[in-house]
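Down below is the structure, laid out as structure tokens.
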Amino acid sequence: IVITESLNMIRGMKMLKGQIKEKSIPFAFVDYDQPNPANLKKWGEYIDVRGEKKLIRELIQLGKHNILVEGDKGVGKTLLVEDICREDNIALFEFSCGAGMNKGDLIGRPQIDNDGSYFEMGIIPKMFELANHWKEIVVYGDELNVLSHDEQLWFNRPLDKRRSIYVNGKLFKLDDGVKFTFIATINPITYAGVNTLTESLRSRFIGRVLPYPNNSELEKIIDWSDIPDETKKCMLTLCQQIHSLRVKGEVEYVFSPRDIDQFCDIFRTQKQWKLEDVIDNVILIKFSDPSEREQVRIRVNETFGVNI
């Protein structure tokens, strides 16, 4: 009886071992050319007014840190990272976080097509696979704090000294000597629809806060050519007013450097438009809430001396 039970136990263990093995299915094709720095096109130039580009470049060159960059939308967080990678010929793997992003997006998920089943690799194992291929890489996660706290936890092991994750029966980890820099951007917590970073995840980062530019900095980073001095002065004043309203929680939208650049471009190119048309179509359109739009409209009228 004892011998029979032992044999049955061994058979059961072998069956269990076989079942576990069968759960590991082939991985889908990985496009190793995706982070190729040759694919990065110059779409702007980051003006380094506070030395942040120099600091982050030096950290990337070390190739071992996680960097957190916090700042309002439109202050150039993405442009900053892409500029460095393009100029220094460093592979860049980018992804944007969304409120609906889940474990399957981060870790991976089984899929089935006409050729059978395969495992679609998620963002985290893919970033290690690409890093080992390129030997030096920057992984850029935009708006990381949009993720729920539960989903943020999946980054804890990959972003500490273990630098690894176990997925679909395989351990993904960095090879020796690979330079790996993870850069995450977050919007201020005052933005609607964002979460805090968990303490465990934030503890894995060093980084920089990019404050809203003051007027002297906005003068340097915006192309003001063909913009009358008085119009420029009014726009700079309005931007600071809107930012103050945002800090007080009276409006949701911050008029960013990106928006100012749009204003200047429309002002230069749409010669047939009146100033009021440019303001209405570039500034006021940004504010969807009627009460917020009214607050901004009043300040526009006072600052520019127009009647909208």
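Side chains included, hydrogens not; waters and symmetry mates left out as well; all remaining heavy atoms used. Each residue takes its place number in the sequence, starting with 1.
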Quick one: does [X]'s side chain get under 4.5 Å of [Y]'s, heavy atoms only?
{"X": "L106", "Y": "F155", "result": "yes"}
{"X": "M235", "Y": "F263", "result": "yes"}
{"X": "N39", "Y": "D33", "result": "yes"}
{"X": "I112", "Y": "Y118", "result": "no"}
{"X": "P37", "Y": "W134", "result": "yes"}
{"X": "L68", "Y": "I186", "result": "yes"}
{"X": "V139", "Y": "L130", "result": "no"}
{"X": "V69", "Y": "Y140", "result": "no"}

May I have the step-by-step check of side-chain contact (heavy atoms from CB on, under 4.5 Å) for E82 and L92, ending in yes or no? CA-CA 8 Å; E82 289 199 3; L92 175 63; 3.7 Å; yes
Pair [X] + [Y]: basic N to acidic O under 4.0 Å:
{"X": "E294", "Y": "R297", "answer": "yes"}
{"X": "R204", "Y": "D160", "answer": "yes"}
{"X": "K232", "Y": "E219", "answer": "yes"}

Among Ile, Leu, Val, Met, Phe, Trp and Tyr joined by side-chain contacts under 4.5 Å, find the other residues sharing a cluster with Y166 and list them by chain and number.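 Members alongside Y166: L171.
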How close do [X] and [Y] get, counting heavy atoms only, and between which atoms?
{"X": "K173", "Y": "N132", "result": "O-ND2, 2.9 Å"}
{"X": "I124", "Y": "P158", "result": "CG2-CG, 3.5 Å"}
{"X": "H243", "Y": "D72", "result": "NE2-OD2, 3.8 Å"}
{"X": "F119", "Y": "G108", "result": "CZ-C, 3.5 Å"}
{"X": "F93", "Y": "P35", "result": "N-CB, 3.9 Å"}
{"X": "S117", "Y": "P26", "result": "O-CD, 4.1 Å"}

Report yes or no: does [X] contribute a side-chain atom to a donor-acceptor pair with the main-chain N or O of [Y] at less than 3.5 Å?
{"X": "S244", "Y": "I242", "answer": "no"}
{"X": "T185", "Y": "E143", "answer": "yes"}
{"X": "D265", "Y": "R268", "answer": "no"}
{"X": "N214", "Y": "E217", "answer": "yes"}
{"X": "W224", "Y": "L218", "answer": "yes"}
{"X": "H149", "Y": "T196", "answer": "yes"}
{"X": "D277", "Y": "D280", "answer": "no"}
{"X": "K73", "Y": "F255", "answer": "no"}
{"X": "K77", "Y": "G71", "answer": "yes"}

Taking side-chain hydrogen bond (donor to acceptor under 3.5 Å, both in side chains) as the test, write out the residues that go with [X], two or more places apart.
{"X": "N215", "answer": "Q240"}
{"X": "Q272", "answer": "Q270"}
{"X": "S148", "answer": "none"}
{"X": "E250", "answer": "none"}

With [X], which residues qualify under side-chain contact (heavy atoms from CB on, under 4.5 Å), at least two apart?
{"X": "K54", "result": "D48, E58"}
{"X": "K220", "result": "V49"}
{"X": "P211", "result": "R50"}
{"X": "D83", "result": "E45, Y46, K53, L79, R86, E87"}

Same cluster or not: I123 versus L153, using hydrophobic residues (I, L, V, M, F, W, Y) connected whenever any side-chain heavy atoms lie under 4.5 Å apart?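 I123 does not cluster with L153.
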May I have all residue pairs that pass salt bridge (Lys or Arg N to Asp or Glu O under 4.0 Å) and include part of residues 122-131, sequence neighbours excluded?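 Applying salt bridge (Lys or Arg N to Asp or Glu O under 4.0 Å) to every pair that reaches into residues 122-131, excluding sequence neighbours, yields E129-K170.
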By the side-chain hydrogen bond (donor to acceptor under 3.5 Å, both in side chains) test, which pairs, at least two apart or in different chains, include something from residues 299-308?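 Checked against side-chain hydrogen bond (donor to acceptor under 3.5 Å, both in side chains) - neighbours excluded - the pairs reaching residues 299-308 are Q241-T303.
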Any side-chain hydrogen bond (donor to acceptor under 3.5 Å, both in side chains) pairs touching residues 282-292, not counting sequence neighbours?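 Those involving residues 282-292 are D259-K286, Q262-K286, D289-S291.
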So, taking the atom named [atom1] in [X] and the one named [atom2] in [Y], what distance separates them when rounded to the nearest 0.5 Å?
{"X": "R157", "Y": "S200", "atom1": "CZ", "atom2": "OG", "answer": "15.0 Å"}
{"X": "W154", "Y": "L201", "atom1": "CH2", "atom2": "CG", "answer": "14.0 Å"}
{"X": "T198", "Y": "L147", "atom1": "OG1", "atom2": "CG", "answer": "10.5 Å"}
{"X": "R109", "Y": "N168", "atom1": "CZ", "atom2": "CG", "answer": "13.5 Å"}
{"X": "I137", "Y": "T181", "atom1": "CD1", "atom2": "OG1", "answer": "10.0 Å"}
{"X": "S216", "Y": "I221", "atom1": "OG", "atom2": "CD1", "answer": "10.0 Å"}

Using 30° and 60° as the class boundaries, would you call the ring planes of F182 and F95 parallel, tilted or perpendicular?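 Because their plane-to-plane angle lies in the 30° to 60° range, the rings of F182 and F95 count as tilted.
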Please check if atom CG in D229 has more than 12 non-hydrogen atoms from other residues, nucleotides or ligands closer than 6.0 Å.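 No, because the 6.0 Å sphere around CG of D229 holds 12 heavy atoms or fewer from other groups.
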Check the surroundings of atom CG in L62: do more than 12 heavy atoms from other residues, nucleotides or ligands lie under 6.0 Å from it?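 Atom CG in L62 is packed in, count exceeds 12.
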As a quick check of understanding, evaluate side-chain contact (heavy atoms from CB on, under 4.5 Å) for F180 and K64, giving each step before the final call. CA-CA 5 Å; F180 178 91; K64 62 179 182 179; over 6 Å; no
For V178 and E136: C-alpha separation, side-chain torsions, deciding distance, then whether side-chain contact (heavy atoms from CB on, under 4.5 Å) applies. CA-CA 6 Å; V178 173; E136 181 178 14; over 6 Å; no
Under the side chain to side chain donor-acceptor pair (under 3.5 Å) criterion, do Y212 and S256 qualify, and how do the steps go? CA-CA 8 Å; Y212 188 81; S256 69; over 6 Å; no
Side-chain H-bond candidate by donor/acceptor type, R202 with N145, under 3.5 Å: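 No donor-acceptor contact under 3.5 Å links the two side chains.
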Step by step, would you call K135 with K179 a side-chain contact (heavy atoms from CB on, under 4.5 Å)? CA-CA 6 Å; K135 307 305 180 188; K179 287 188 173 184; over 6 Å; no
